[in-house]
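None of the values given here were measured: they were computed from a predicted structure. Note that these values count all heavy atoms, side chains included, but never hydrogens, waters or copies made by symmetry.
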Amino acid sequence: MGNWFQQSIVATGRLPLFCYFVMLIVAFIATRINVRLIRAKIGWFRNVNVGEMHIHHVVFGVVLMLVGGVALIVSPGSQVGTAAAASVFGIGSALVLDEFALILHLHDVYWEEEGRTSVDAVFIAVAVTGLLLIGLRPLTWDYGTLVDPAALIVANLLLAVVTLLKGKIWTGMAGLFVPPMLLVGALRLARPGSPWAHWFFATRSPRKLARAIHREERWRRPVIRVKIAFQEFLSGRHDLPSTRRGRRHG
């Protein structure tokens with residue numbers, strides 16, 4: 001194990017990324033344990049308040065990201081020092097992403113259905129960091145001399161945009177590292193709630209929309225239920241009634 005870590009992580013210069021990856025996961029799990037204990041009103045676990053103002057942990061996350069980010073910029077080049085700064089940045093990232101839904105909606109939806117967006121954001125960050133850690137790089141794929149690299153990057157970006165517009169978030173993110181997945185995602189039928197389906201299926205192709213809905217119900221819904229069950233096991237139940245519905249922004 002020690003030899004693998006030395007050869008695969010330290011010798012390849014990936015120690016800072018490894019520290020960021022580990023601290024992102026550890027800090028997220030620790031944060032979720034803490035907020036679940038606060039919600040259950042167990043022991044001395046309580047929200048941080050200044051007077052009547054509740055201080056969300058995203059505030060601490062932003063501060064830690066600033067500290068870690070500046071430390072990475074001014075780092076003298078030592079891999080150990082850079083790894084320490086990356087660890088701080090990873091903790092801050094976990095705290096910020098854990099309240100990503102609050103940033104997205106500009107409203108506290110932490111325990112509501114919309115709050116699951118925060119857990120999805122953390123999962124995506126962990127997945128992308130993990131792919132980087134094993135050596136994959138986005139928008140690069142070795143086709144030899146058959147394809148111009150610049151043209152390949154542009155084509156991959158276009159396919160990624162189409163895939164994401166079709167509502168295939170995970171395929172689009174993974175496809176940035178494994179471009180053939182983007183081709184599959186771009187050619188497959190769009191999800192019924194995606195922008196692509198709204199633009200091209202709703203009025204132009206009701207038959208395709210019906211097929212998309214059928215596939216969603218038959219194949220994707222069971223997978224989503226499993227994902228939600230795992231999320232709730234890890235992060236707690238997002239079971240409060242939504243306060244977003246019917247809101248208007250001026």
Side-chain angles (χ1 to χ4, degrees), residues 1-38 45 48 55-104 110 115-142 153 156-157 160 164 169-170 172-179 181 230-231 234-236:
M1 184 66 180
N3 289 336
W4 171 85
F5 185 82
Q6 180 66 33
Q7 295 173 5
S8 301
I9 302 299
V10 178
T12 58
R14 296 176 189 165
L15 181 61
L17 184 62
F18 176 81
C19 291
Y20 172 84
F21 178 73
V22 171
M23 295 312 299
L24 176 66
I25 295 174
V26 171
F28 170 67
I29 294 175
T31 300
R32 281 288 165 166
I33 291 174
N34 183 66
V35 295
R36 292 179 73 174
L37 291 173
I38 291 173
F45 293 92
V48 177
I55 307 298
H56 291 272
H57 51 266
V58 65
V59 176
F60 302 101
V62 170
V63 173
L64 289 173
M65 287 183 72
L66 286 171
V67 172
V70 171
L72 285 170
I73 293 172
V74 301
S75 173
S78 166
Q79 190 171 193
V80 175
T82 305
S87 298
V88 175
F89 195 84
I91 296 172
S93 299
L95 294 173
V96 170
L97 290 175
D98 188 55
E99 293 204 298
F100 176 78
L102 181 149
I103 301 171
L104 180 65
Y110 196 86
R116 293 195 184 106
T117 307
S118 297
V119 186
D120 288 333
V122 174
F123 281 11
I124 290 174
V126 169
V128 170
T129 308
L131 291 173
L132 290 170
L133 193 59
I134 63 175
L136 295 179
R137 293 295 179 265
L139 300 176
T140 59
W141 194 260
D142 187 8
I153 291 175
N156 286 339
L157 283 173
L164 293 172
I169 306 300
W170 282 101
M173 296 301 298
L176 292 174
F177 297 86
V178 187
M181 293 182 65
F230 175 71
Q231 285 183 338
L234 182 65
S235 61

| query | Within the distance-only criterion (no hydrogens, no angle test), does the side chain of R137 pair as donor or acceptor with the backbone N or O of L132 below 3.5 angstrom? | reply | yes
| task | Check the angle between the aromatic planes of F28 and F123 and answer parallel, tilted or perpendicular using the 30° and 60° thresholds. | result | perpendicular
| query | Does any N or O in the side chain of Q79 come within less than 3.5 Å of the main-chain N or O of L15, such that one atom is a donor and the other an acceptor? | reply | yes
| remark: Taken to the nearest 0.5 Å, the spacing of Y110 OH from L102 CG works out to 10.5 Å
| query | Can you tell me how far the CD atom of Q7 sits from the OG1 atom of T12, to the nearest 0.5 Å? | reply | 10.0 Å
| query | Taking C-beta and beyond as the side chain, do F60 and I55 meet within less than 4.5 Å on heavy atoms? | reply | yes
| Roughly how far, to the nearest 0.5 Å, is the CG atom of L95 from the CG atom of L24? | 10.0 Å
| message | To the closest 0.5 Å, what do you measure between CD1 (I134) and CZ (F21)? | response | 9.5 Å
| message | Is any side-chain heavy atom of I103 closer than 4.5 Å to one of V96? | response | yes
| Close side-chain approach of F100 and T117, heavy atoms under 4.5 Å | yes
| Got I9 and W4 here, is their nearest side-chain heavy-atom distance under 4.5 Å? | yes
| field | Flag, side chain of S235 to backbone of R32, donor-acceptor distance under 3.5 Å | value | no
| said: What's the separation between atom OG1 in T82 and atom CG in L72, rounded to the nearest 0.5 Å? | reply: 6.5 Å
| request: Output the distance between atom CZ (R36) and atom CG (L234), rounded to the nearest 0.5 Å. | output: 8.0 Å
| said: Within the structure provided, determine whether I169 and I124 are in side-chain contact (heavy-atom separation under 4.5 Å). | reply: yes
